[in-house]
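So the structure is just underneath, and the comments pick up after that.
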Amino acid sequence: MSEPRATRGGARGPFNSAEGAVTDAAVIEAENRSTLEAWARAMHATVVPVAENWWSITYQAEAGLPDGTRVRCRYRYVIPHQAALRRWKRTYVVGLVHTSGRARCHHVRQVIPVGDTEPEERHRAELIASALVATERQDTCGASVGNLEVYVVERATLWKPGVARY
């Protein structure tokens, strides 16, 4: 088993936490999933997926050290090309909007729903994206499943930024 590589604040700068706050925790980049799992077991931490798209999945475990500092170990799994293309063909881009005070807040998510028909997949894409935005952003901008309005649901293969089909 190889040793994880440590960086400060992540390989590309500070890490944005789920709450949206920028933290300066030490980040360890694992070379493979088994290294991440071994680190998590040793630190009594749980491995969770923290980012996913059609070409990769990022897993992370977070633990506290005795001195109170936080440390994260991450592994980014790059999905094999053929599987990634299949995922891309099943991916939907969902645009949502809500009002926050006098401002309109827009959110876009890529989701991979499961369904038997195109209308069923589109509906599930709306539900999944709404739940993701509400979970991730409610404390920040007040987004909730009740106030989010879907303005676009499009397959990623057909998506053209700036061209919304209503």
Side-chain angles (χ1 to χ4, degrees), residues 1-88 90-114 124-148 156 161:
M1 171 173 36
S2 59
E3 288 295 314
R5 182 173 39 95
T7 61
R8 188 75 178 150
R12 290 181 215 95
F15 178 78
N16 289 318
S17 68
E19 298 82 34
V22 176
T23 62
D24 193 28
V27 177
I28 299 168
E29 302 287 344
E31 289 183 20
N32 54 49
R33 179 74 188 253
S34 61
T35 303
L36 172 63
E37 295 283 350
W39 184 90
R41 274 192 306 279
M43 300 298 287
H44 306 288
T46 303
V47 175
V48 295
V50 293
E52 181 177 353
N53 50 42
W54 56 269
W55 66 88
S56 71
I57 303 170
T58 302
Y59 298 96
Q60 175 177 288
E62 183 173 341
L65 298 178
D67 66 359
T69 59
R70 304 296 295 167
V71 64
R72 296 180 182 97
C73 186
R74 282 190 252 176
Y75 168 64
R76 183 172 173 257
Y77 171 70
V78 178
I79 297 168
H81 185 71
Q82 289 301 318
L85 289 176
R86 285 192 300 273
R87 285 172 61 94
W88 178 55
R90 292 183 9 243
T91 299
Y92 282 83
V93 176
V94 182
L96 305 118
V97 64
H98 68 97
T99 304
S100 180
R102 295 185 350 213
R104 290 178 56 83
C105 197
H106 292 263
H107 304 275
V108 177
R109 296 294 182 274
Q110 292 182 19
V111 296
I112 304 172
V114 176
R124 288 186 178 170
E126 291 178 15
L127 295 174
I128 293 166
S130 295
L132 282 171
V133 170
T135 302
E136 296 167 357
R137 306 295 296 173
Q138 185 163 20
D139 293 340
T140 306
C141 66
S144 69
V145 173
N147 69 5
L148 286 166

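Side chains are part of it too, since the values below use all heavy atoms of this structure and drop only hydrogens, waters and symmetry mates. This one's a predicted model, so the numbers in the text were calculated from it and none came from an experiment.
R41 pairs by the salt bridge (Lys or Arg N to Asp or Glu O under 4.0 Å) definition with nothing, not counting sequence neighbours. Annotation: side-chain contact (heavy atoms from CB on, under 4.5 Å) contacts of V97 (sequence neighbours excluded): R104, H106, E149, Y151. By the side chain to side chain donor-acceptor pair (under 3.5 Å) test, R33 is found to be paired with E37, residues two or more places apart in sequence or in another chain being considered. Qualifying side chain to side chain donor-acceptor pair (under 3.5 Å) partners for S56, counting only residues two or more places apart in sequence or in other chains: N53, R76. Residues passing the salt bridge (Lys or Arg N to Asp or Glu O under 4.0 Å) test with E126, sequence neighbours excluded: none. By the salt bridge (Lys or Arg N to Asp or Glu O under 4.0 Å) test, R124 pairs with E120, sequence neighbours left out. Shown here are the ring-ring contact (aromatic ring centres under 6.0 Å, His included) partners of H44, two or more places apart in sequence or in another chain: there are none. For L148, the side-chain contact (heavy atoms from CB on, under 4.5 Å) partners at least two apart in sequence or on another chain are L96, H98, H107, S130, V133, A143. Scored by the side-chain contact (heavy atoms from CB on, under 4.5 Å) test, I112 finds R87, R90, T91 as partners (sequence neighbours excluded).
Between A83 and I79, the closest heavy-atom pair is CB-CG2, 3.6 Å. Between A61 and W39, the shortest heavy-atom contact is O-CZ3, 3.6 Å. The shortest heavy-atom contact between C141 and C105 is SG-SG, 3.7 Å. For the pair C73 and L36, the tightest heavy-atom approach, listed with the atom from each and the gap, is O-CD1, 3.3 Å. Smallest separation of non-hydrogen atoms from I57 and P49: CG2-CB, 4.3 Å.
Rounded to the nearest 0.5 angstrom, Y75 OH and T58 OG1 are separated by 10.0 Å. Taken from CZ in R72 to CD in E62, the straight-line distance is 4.0 Å, to the nearest 0.5 Å. With values rounded to the nearest 0.5 angstrom, Q60 atom CD is found 12.0 Å from T46 atom OG1. The distance from atom OG1 of T35 to atom CD of E29, rounded to the nearest 0.5 Å, is 12.0 Å.
Within the structure, ring-ring contact (aromatic ring centres under 6.0 Å, His included) contacts touching residues 48-71 (residues at least two apart or in different chains) are W54-W88.
Side-chain atoms of V94 and V108, non-hydrogen and from C-beta on, never get closer than 4.5 Å to each other. R109 has its side chain within reach of E136: a pair of non-hydrogen atoms, C-beta onward, lies under 4.5 Å apart.
Side-chain N or O atoms of T135 include one that pairs as donor or acceptor with a backbone N or O of A131 at under 3.5 Å.
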